[in-house]
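Everything below concerns the one structure shown next.
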Amino acid sequence: MAVSKDDVRHIAGLARVGVPEERLDGLVTELNGILKHMDALERVPNTGIAEQADAARAGMPLGADERTSVPLERPRDQFAPLMRDGFFLVPRLATHDDAGEQS
């Protein structure tokens with residue numbers, strides 16, 4: 001299949017793109033070159049490709065989630081002396097509004 005100047009004009013009209021006459025020959029050559037490459041790709045044997053793609057899509061097998069506790073080097077109360085329900089209580093950080101009031 002080859003592209004002609006009329007094909008390029010028609011496609012440019014559908015895309016609402018203005019193509020100058022002096023540019024038509026170059027576009028015809030470029031589009032025909034692309035189609036030539038597409039024809040070459042169609043001739044490449046591709047049997048078994050779908051099976052390989054499905055195998056790659058399966059991904060790595062997942063391991064079991066194991067919950068382990070990491071011992072701390074220091075007691076928890078040295079990190080933050082205040083705790084509630086197993087959570088650290090920390091002082092509230094200054095907000096953007098508070099930062100402007102410090103002047």
Side-chain angles (χ1 to χ4, degrees):
M1 176 180 186
V3 176
S4 67
K5 286 184 181 182
D6 289 333
D7 294 330
V8 173
R9 284 189 196 102
H10 179 70
I11 294 168
L14 291 174
R16 297 182 179 160
V17 175
V19 177
E21 282 294 319
E22 60 271 5
R23 186 78 176 97
L24 282 177
D25 288 328
L27 288 173
V28 168
T29 304
E30 288 177 30
L31 289 172
N32 283 325
I34 292 170
L35 291 174
K36 187 176 177 181
H37 287 292
M38 301 273 298
D39 287 337
L41 288 174
E42 284 183 355
R43 289 191 297 273
V44 173
N46 60 3
T47 56
I49 299 297
E51 293 83 14
Q52 292 176 5
D54 287 339
R57 219 175 289 135
M60 293 292 294
L62 299 177
D65 289 335
E66 296 178 9
R67 184 175 176 177
T68 58
S69 178
V70 177
L72 299 175
E73 291 183 14
R74 296 180 287 169
R76 288 191 299 180
D77 59 350
Q78 286 185 0
F79 292 107
L82 300 175
M83 295 191 66
R84 184 178 350 166
D85 299 326
F87 294 98
F88 296 115
L89 296 178
V90 295
R92 183 179 174 152
L93 298 175
T95 62
H96 294 289
D97 296 333
D98 296 338
E101 295 173 7
Q102 293 178 0
S103 324

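Computed over heavy atoms, backbone and side chain alike; hydrogens, waters and symmetry mates excluded.
Note on D39 versus K36: no salt bridge recorded, every NZ/NE/NH1/NH2 to OD/OE distance being 4.0 Å or above.
No continuous path of hydrophobic side-chain contacts links I11 to L35 [ILVMFWY only; heavy atoms under 4.5 Å].
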Determine, stepwise, if the pair L14 / H10 fulfils side-chain contact (heavy atoms from CB on, under 4.5 Å). CA-CA 6 Å; L14 291 174; H10 179 70; 3.5 Å; yes
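For V3 against V28, the heavy-atom pair with the smallest separation is O-CG1, 3.3 Å.
The CZ atom of R23 sits 5.0 Å away from the CD atom of E30 when rounded to the nearest 0.5 Å. To the nearest 0.5 Å, atom CG of residue L24 and atom CG of residue D7 are 11.0 Å apart. The structure places CG of D65 at 11.5 Å from CZ of R67, a figure rounded to the nearest 0.5 Å.
The salt bridge (Lys or Arg N to Asp or Glu O under 4.0 Å) test applied to K5 returns D25, not counting sequence neighbours.
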